[in-house]
Amino acid sequence: MNVFSRFCKEEFCKGFFLFVLLHTFFKLQQHPYQSTNKMAKNFTTREENYSEWYNELVVRADLAETSAVRGCMVIKPYGYAIWENMQHVLDKMFKDTGHQNAYFPLFIPKSFFSKESDHVEGFAKECAVVTHYRLKANPDGNGVCVDPEAKLEEELIVRPTSETIIWNTYKNWIRSYRDLPILVNQWANVVRWEMRTRLFLRTTEFLWQEGHTAHATKEEAEIESRKMLDVYATFAQEYMAMPVIKGIKTPNERFAGAIETFCIEAMMQDGKALQAGTSHFLGQNFAKAFDVTFLNKENKLEYVWASSWGVSTRLMGALIMTHSDDHGLVLPPRLAPIQVAIVPIYKTEEQLAQISDKVQSIKQELEAQGVRVKYDDRDSQKPGWKFTEYEFKGVPIRIAIGPRDMEDGSAEICRRDTLEKKVYSQTEIGELIPKLLEDIQKNLFDRALQHRIDNTISVDNWEDFKIKIEEGKFILSHWDGTTETELKIKEETKATIRAIPLDVKEEAGKCIYTGKPSKYRVIFAKAY
RNA sequence: CGAGAUGUAGCGCAGUUGGUAGCGCGCAACGUUCGGGACGUUGAGGCCGCUGGUUCGAAUCCAGUCAUCUCGACCA
């Protein structure tokens, strides 16, 4: 036999000691986050295949799944709960800035689209069209078919966005400057027949809010669109813990029908950019297209000034791609449906009863402070299973309480962002948790910001530019200001100008591509 | 819409020259377990994407079609 077994036979005690050491070492090697966690072990494709990792995460964290309907998705209860939290916060922010909610029709007559030429051009290629209003039994007796006799005189378009129908309605609402401003928001679903879809990021149907405002002056409309951009940026940074760059879109990337498009751009973990929200200054384009005029204070007829702004369920995708790791979703506490999950560890009914009793008082203490707590005393799953489950779902804090803790009056607390575990006294939990939640919220933001800083560089050389774009960086470079150059760069590198930052510094330089003079740097990146 | 790949159990996959449908995980029951996705025994679960063709016979061959994924074009 080998040296080891002979050693054990001859010196059993020492051998046994060694065995314990080896066993302990082996246990340590089997760190739960590595090898014993089967799911987590298989879930490490983030580096190799980011999109595969993303899709799997969305499904495994129980957020959503692809539907049998082309390019559509089913948002599952847990995913929807996060969206509801987002909605709730945003809705309050809109109301705090003087807006009201309303609702406009899903169907838009085709003719409305022909009124604003840029707008049609932008959306015509991706519209779902309703042509008939009735089905009938198939002549061959199998199922149903579209009744050809029920053809609509004018086709209806399922809204890809509501500017047209809303401006057609505003026409009837506005006569005088006294009717202005109109500050309306709508929570709705829209349909865009995209060629390629991706859960949350680009689905055929998606949920969003769209604000549509009408103003008496250009300045007021401009201020409104800037103000709402700030609202979005605040929401992204303070609630989603996602740092964003506020900027202006180039004419090429501008919303169809807008004079100026403002955006917030975020960097995902693979270095790609994601447009997380937009706000548009529409000038008088839609007012002119729909003939919306008002009498101003000087009794002169004038076209109305407009803005529109929106964020969608795409924010869910942004949230996922900003924070998640190879153990699953990581949610910022302010948006997490469950902020604290408590898992009991027990063998007997008596132990469970004892633990449950203790947990109830902890839970009440936390809930009194507004913390969203879930006590998971299901007997159908074991503790280890629950740990992994809540990790996958991104629950910010997990508390485990077992017999050992009951003896010591302690509890094990694990934070999701760092996966760090610590034992605390049960009496300090009530005070600790709210602080810890804030700490996690802050840490997530700092971490994401650091990631963006680390992956943002200034480049002045075309060869470097091509290399760095491939590496997935945000690149600050000079640009000669022409759409022509922008398109050529896109063609050669797939990089687009994500934004001209609002806080851009004047700096003389030469265009990265043409060498023509430029006044400031813009942000180039590959985008979703 | 272009190029490529894939559709077989809830999920991941195997299925040989065309001959009665398989594995792993999961699921259910029972027992032992319960401090990081436990183990054993038994069991349930299939219009082999859909339509048509070839054949005595098709998951397998052919044609069409639909869907999904990756890469383009498009886009929040």
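Scope of the values below: all heavy atoms of this structure, side chains included, with no hydrogens, waters or symmetry mates. In what follows, chains are A, B, ... by sequence order, proteins preceding strands, each numbered from 1.
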ask   = Should B:A44 form a Watson-Crick or G-U wobble pair with both distances under 3.5 Å, which nucleotide is its partner?
value = none

ask   = Is there a side-chain contact between A:M93 and A:H99, using heavy atoms and a 4.5 Å cut-off?
value = no

query = Is the NZ or CZ atom of A:K115 both under 6.0 Å from the centre of the six-membered ring of A:F112 and within 45° of that ring's axis?
reply = yes

query = If each of A:A527 and A:K382 is mapped to the nucleotide of RNA chain B with the nearest heavy atom, which maps nearer the 5' terminus, i.e. the 5' end?
reply = A:K382

ask   = Counting distance only, does the side-chain N/O of A:T203 pair as donor-acceptor with the main-chain N or O of A:F200 below 3.5 Å?
value = no

request  = Determine the interatomic distance between P on B:C39 and the same-named atom on B:U33; round to the nearest Å.
outcome  = 16 Å

query = Quantified in whole Å, what is the C1' atom distance between nucleotide B:C75 and nucleotide B:G35?
reply = 49 Å

ask   = Picking from B:G36, B:G35, B:C69, which would you name as closest to the side chain of A:R398?
value = B:G36

ask   = Looking at the side chain of A:K421, which of B:U70, B:G36, B:C34 is the nearest nucleotide?
value = B:G36

request  = May I ask you to say what A:T261 touches in the nucleic acid, namely base, sugar-phosphate or nothing, with a heavy-atom cut-off under 4.0 Å?
outcome  = nothing

query = When only distance counts, do a donor and an acceptor, one from the side chain of A:K347 and one from the base of B:G35, lie under 3.5 Å apart?
reply = no

key: Whole angstrom value for the distance that separates P of B:C75 from NE2 of A:H280   = 13 Å

ask   = Can we say A:D417 and A:R415 salt-bridge, meaning some charged N sits less than 4.0 Å from an Asp/Glu carboxylate O?
value = yes

request  = Describe the nucleic acid contact of A:L274 in one word from base, sugar-phosphate, nothing, applying a heavy-atom distance below 4.0 Å.
outcome  = nothing

query = Counting side-chain heavy atoms from C-beta on, which of B:G36, B:C75, B:G35 comes nearest to A:E126?
reply = B:C75

ask   = Counting any heavy atom closer than 4.0 Å, what does A:K490 reach on the DNA or RNA strands: base, sugar-phosphate only, or nothing?
value = sugar-phosphate

Complementary nucleotide for B:A73 - Watson-Crick or wobble, under 3.5 Å = none

query = Base, sugar-phosphate alone, or nothing: which one does A:Q381 contact when heavy atoms must sit under 4.0 Å apart?
reply = nothing

message = What is the separation between atom CZ on A:R198 and atom P on B:U68, rounded to the nearest whole Å?
response = 15 Å

task = Send over the distance from A:I342 CD1 to B:G35 C1', rounded to a whole Å.
result = 16 Å

remark   = Whole-Å distance, A:E121 CD to B:C74 C1', equals 13 Å

message = Assuming nearest nucleotide by heavy-atom distance, tell me which of A:D379 and A:L199 is located more 5' along RNA chain B.
response = A:D379

Nearest-Å distance once atom C1' is located in both B:A21 and B:G46 = 8 Å

query = B:C61 pairs with which nucleotide, Watson-Crick or G-U wobble, both distances below 3.5 Å?
reply = B:G53

B:A67 pairs with, by Watson-Crick or G-U criteria that keep both distances under 3.5 Å = B:U6

request  = Find the distance A:R202:CZ to B:C69:P and express it as a whole number of Å.
outcome  = 12 Å

key: Atom C1', compared across B:C48 and B:U60: separation rounded to whole Å   = 10 Å

query = Which value, in whole Å, describes the distance between the P atoms of nucleotides B:U8 and B:U16?
reply = 16 Å

query = Counting only N and O atoms by type, is there a donor-acceptor contact under 3.5 Å from the side chain of A:K347 to the main-chain atoms of A:P403?
reply = no

key: Nucleotide opposite B:G12 in a Watson-Crick or G-U pair, distances under 3.5 Å   = B:C23

ask   = With sugar-phosphate meaning primed atoms plus P, OP1 and OP2, does A:E194 contact a base, only sugar-phosphate, or nothing at under 4.0 Å between heavy atoms?
value = base

remark   = Atom CZ of A:F123 and atom P of B:C75 are separated, to the nearest Å, by 10 Å

ask   = Is it the case that A:T161 and A:R159 place a side-chain donor and acceptor less than 3.5 Å from each other?
value = no

message = Nearest whole Å is fine: how far is B:C75 P from A:Q275 CD?
response = 11 Å

query = Say you pick atom C1' in B:A28 and the same atom in B:C71; how far apart are they, in whole Å?
reply = 43 Å

task = For B:U32, give its Watson-Crick or G-U wobble partner with both distances under 3.5 Å, or none.
result = B:A38

query = Base, sugar-phosphate, or nothing: which does A:K386 touch, judged by heavy atoms less than 4.0 Å apart?
reply = nothing

B:A58 and B:A63, which share atom name C1', separated by this distance in whole Å = 15 Å

key: Euclidean distance for C1', B:G53 against B:C11 (whole angstrom)   = 34 Å

inquiry  = Between the base of B:C75 and the side chain of A:R192, is there a donor and acceptor pair under 3.5 angstrom?
reply    = no

ask   = Is there a donor-acceptor pair under 3.5 Å between the side chain of A:W53 and the backbone N or O of A:E56?
value = no

key: Distance, rounded to the nearest Å, where A:E65 contributes CD and B:A67 contributes C1'   = 16 Å

task = Answer yes or no for A:R198 and A:Y54: cation-pi contact, defined as NZ/CZ to six-membered ring centre under 6.0 Å and angle to ring axis within 45°.
result = yes

query = Base, sugar-phosphate alone, or nothing: which one does A:F206 contact when heavy atoms must sit under 4.0 Å apart?
reply = base

